[in-house]
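Taking it in order: structure first as structure tokens, then the write-up.
Positions are given from 1 along the sequence. Whatever order the structure lists ligands and atoms in, that order sets their numbers, starting from 1.
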Amino acid sequence: MATPDLFASPGPSPADRISELRTELHQHAHRYYVLDEPSIPDADYDRLFQELQALEAAHPELSSPDSPTVRVGGKPLDQFASVRHAVPMLSIRTETDTEATGAHNFDSRVRKELGLAESDPPVEYVAELKFDGLAMSLRYENGLLVQAATRGDGEVGEDVTQNIRTIRQIPLRLLPHPNPLPGGEVAGRVEANAGGEVAGRREANAEEVTPTSSLSPWERAGVRAPPAVLEVRGEVYMRRDDFESLNEKQREKIAQGAKNEKTFVNPRNAAAGAVRQLDPGIAAQRPLSFFTYGVGEVTPQEEGGPQFETHFQLLLTLKSWGFPVAAYTQTAQGAPELIAFHEKIARERDQLPYDIDGVVYKVNSLALQKKLGFVTREPRWAVAHKYPAQEQITTVLAIDVQVGRTGKLTPVAKLAPVFVGGVTVTNATLHNEDEARRKDVRVGDTVIVRRAGDVIPEVVSVLADKRVTDAPQFTMPRSCPVCGSDAVREEGEADYRCTGGLFCGAQRKEAILHYAHRRAVEVDGLGDKLVEQMVDANIIRTLPDLYKLGLTALAGLERMADKSAQNLLQALEKSKSTTLPRFLFGLGIRHVGEATAKELARHFGKLDAIMDASEEQLLEVSDVGPIVATSLRTFFDQPHNREVVEQLRACGVSWVEGKPAARAPQPLSGKTFVITGTLPTLSRDEAKDKVEAAGGKVAGSVSRKTDYVVAGTEAGSKLTKAQELGIAVIDETGLLLLLEAPAG
Ligand code: IVH
């Protein structure tokens with residue numbers, strides 16, 4: 001800290017700066033989390049955040065519960081306190097007809113209750129999504145979040161304020177958010193639909209001349225200020241992507257031996273678990289989101305509270321106060337537009353970033369809502385219109401194991417066909433052995449299956465009390481169900497893999513493509529589509545079949561002209577003369593990349609020596625650790641794989657064997673290069689080959705270990721990184737000069 005300069009003009013006082021920072025951070029967070037339109041880079045946000053943290057630490061007397069720094073915190077609770085809702089939290093009646101006609105039923109009921117004749121104009125509704133999360137009531141007093149409560153039985157809920165504060169979309173303090181830019185989740189339809197409705201806006205008053213400085217932030221922004229008491233109601237939910245990554249993390253923890261961890265069944269359960277988590281530190285690690293759809297207690301108009309005419313106006317106002325409103329929310333005239341909405345959402349539902357279990361229709365006019373009133377706990381002016389369920393019960397007929405393109409073994413439950421989420425499902429993934437055993441799915445079991453979004457159907461859980469089977473627990477087969485090679489599970493990994501890479505039918509396409517890769521044995525012109533066709537037409541089963549191809553077989557393939565067939569045969573012929581490292585890399589042995597293949601070739605000189613080397617001998621090679629050594633050993637222990645290698649040799653694939661003669665010292669030995677951008681004459685592969693031929697290494701990313709960055713045109717972040725780290729940057733000419741330099 002510099003000595004204070006008594007003559008300098010004073011900066012803002014800590015109190016002013018703190019308040020400035022809080023406002024600014026709240027606003028940026030709203031842009032980021034609610035509007036999905038960040039206004040400053042993350043790093044700038046972090047800097048402001050840290051400045052605020054430092055100031056607050058130095059001035060504890062200025063701490064405040066609405067500071068953006070105190071979202072996470074508080075001690076674990078023993079239990080939640082009860083909260084009596086000032087205005088009960090209602091539920092909505094469900095329309096049982098899941099077809100579009102269900103919307104008709106609702107509209108007819110409303111019209112009848114209101115005594116409307118057929119000739120009367122259509123009733124205006126608001127159509128919303130029915131979010132699949134849990135209802136929440138957020139109470140703000142004088143603009144500060146003071147309490148968050150669950151619905152409970154509708155009368156009394158639980159105080160979950162600590163956990164709800166961690167949801168970044170929920171404002172801790174209300175600030176004006178006028179006129180959000182179009183595009184974000186909130187903007188879209190809610191905005192577009194606003195039409196002439198000047199919801200939260202105050203009419204500008206020309207006669208009132210007030211100096212700007214004495215205006216409240218609300219007045220300055222032209223947004224109606226929120227009332228003294230405001231209860232915002234809505235749904236706390238978890239996005240599908242957040243749910244997937246949370247479960248991914250959970251699976252990792254379990255694989256690493258954590259005892260008290262579990263995966264979550266669906267986003268709703270994960271959200272409910274997080275909200276009801278007694279330790280706010282844990283709740284903070286469960287990413288939740290929020291949408292508002294209404295209000296509870298609000299300061300009455302007589303006491304200066306707002307007056308709304310329509311539900312839609314209310315939603316737009318909540319939006320201007322910083323609350324997320326789903327972009328899908330829209331007004332709809334009569335049954336036809338409700339039906340159109342139901343159908344549109346049915347089509348787009350799978351692509352939504354969160355789960356819904358239907359749509360909700362509400363009469364838009366608040367006066368008409370009042371007129372319609374309630375039956376028991378359910379308003380007559382609203383209805384939930386559902387879609388076919390995304391979870392169903394069925395039975396497990398068998399548990400099969402499927403082999404993926406990369407050899408991964410996945411247990412799959414074969415199910416009695418069941419209609420879920422709009423399609424008939426007969427297979428559901430069990431992910432891996434641990435998951436299958438944790439859920440303890442057995443043949444004959446009654447299970448819940450779920451299909452949501454584009455996600456592969458999965459078995460959620462077993463209905464244990466319905467178990468009649470005496471089938472044993474699932475165990476993963478120790479050999480590949482497709483080719484019979486050993487299936488192994490490496491330490492710290494969740495998956496079993498087939499080790500018959502070259503031989504296994506399931507891995508055929510992948511293995512051939514890898515072999516033909518330009519950095520492996522290189523078969524020019526043998527790409528994705530062609531391999532797919534050849535394998536599907538069964539003219540190639542294993543790698544050696546490539547060299548038995550004839551013109552007739554090729555000509556039979558779709559879109560294969562004579563000329564291309566000739567070219568391919570030539571390329572295959574050319575590929576027969578290769579090098580040991582290329583061949584070894586081309587075999588596609590797990591963990592054996594290009595660099596390792598080169599080291600192995602350099603060390604052993606002969607393929608047979610590598611195939612027969614013990615793990616200890618393999619470990620002597622620089623670049624080879626225990627994982628690589630085991631992988632090599634397992635690969636060559638499969639008789640099938642050795643057979644493929646022999647056949648390839650018999651087909652004429654060859655290379656010059658023998659260790660390279662002790663070579664003259666190489667000019668680039670020990671140096672690491674990164675090549676970025678477009679070089680004037682060399683392709684990146686050519687440059688790489690040249691560096692390696694001269695004893696250098698080429699890495700993919702810049703670090704302190706990098707010696708040179710070779711930059712061409714349009715070099716991007718790697719160049720910047722090099723400059724930051726002070727690493728030598730050269731161009732192609734510079735590289736060519738280095739290559740010519742004598743070693744030393
Ligand atoms: S309005 C007076 N709107 O569905 C009506 N509820 O039974 C009060 N829900 O648990 C609720 N999306 O949490 C309303 N757009 C939406 C909704 C919604 C989901 C939930 C709500 C409650 C249940 C209603």
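- A salt bridge does not link E95 to K386: none of the charged side-chain nitrogens sits closer than 4.0 Å to a carboxylate oxygen.
- In this structure, H385 has its ring center no closer than 6.0 Å to that of F106.
- Contacts between F374 and ligand 1 below 4.0 angstrom, taking non-hydrogen atoms only, are absent altogether.
- The side chain to side chain contact (heavy atoms under 4.5 Å, CB included) test with V126 singles out one residue from L314, T310, T329, V363, and that residue is T329.
- Heavy atoms of D132 found under 4.0 angstrom from ligand 1: none, in either backbone or side chain.
- Heavy-atom distances between W381 and ligand 1 reach below 4.0 Å in at least one pair.
- Side-chain rings of F131 and F291 approach one another, their centers coming within less than 6.0 Å.
- More than 12 heavy atoms of other residues, nucleotides or ligands lie within 6.0 Å of CZ in R380, so this atom counts as buried by the packing criterion.
- Using a cutoff of 4.0 Å between basic side-chain nitrogens and carboxylate oxygens, K249 and E252 are not scored as salt-bridged.
- Checking only distances, L129 does come within under 3.5 Å of ligand 1, N or O to N or O.
- Heavy-atom contacts of I92 reach the following atoms of ligand 1: 1 (S), 5 (C), 6 (N), 7 (O), 11 (C), 14 (C), 24 (C) (cutoff under 4.0 Å).
- Residue contact annotation: A382 has no non-hydrogen atom under 4.0 Å from ligand 1.
- At least one heavy atom of K362 sits closer than 4.0 Å to an atom of ligand 1.
- With respect to atom 10 (O) of ligand 1, the closest heavy atom belonging to the protein is A135 CB, 3.8 Å.
- Heavy atoms from both the backbone and the side chain of S91 come within less than 4.0 Å of ligand 1.
- For the side chain to side chain contact (heavy atoms under 4.5 Å, CB included) criterion with V83, the lone passing option out of E155, R139, Q147 is Q147.
- Of all protein heavy atoms, the one lying nearest to atom 8 (C) of ligand 1 is L90 O, 3.9 Å.
- Listed by number with element, the atoms of ligand 1 under 4.0 angstrom from any heavy atom of P379 are 2 (C).
- Looking at E391 and R450, a side-chain N of the basic residue comes within less than 4.0 Å of a carboxylate O on the acidic one, giving a salt bridge.
- For atom 21 (C) of ligand 1, the nearest non-hydrogen atom from the set Y293, Y361, Y328 belongs to Y293.
- Taking the six-membered ring where tryptophan is involved, the planes of H342 and Y387 are essentially parallel, since the angle between them stays under 30° and well short of 60°.
- With salt bridges taken as basic N to acidic carboxylate O contacts below 4.0 Å, one links D350 and R451.
- The backbone and the side chain of F131 each have at least one atom closer than 4.0 Å to an atom of ligand 1 (non-hydrogen atoms only).
- Atom 4 (O) of ligand 1 has as its closest protein heavy atom K130 NZ, 3.2 Å.
- Looking at atom 13 (O) of ligand 1, its nearest protein heavy atom turns out to be E235 OE1, 2.3 Å.
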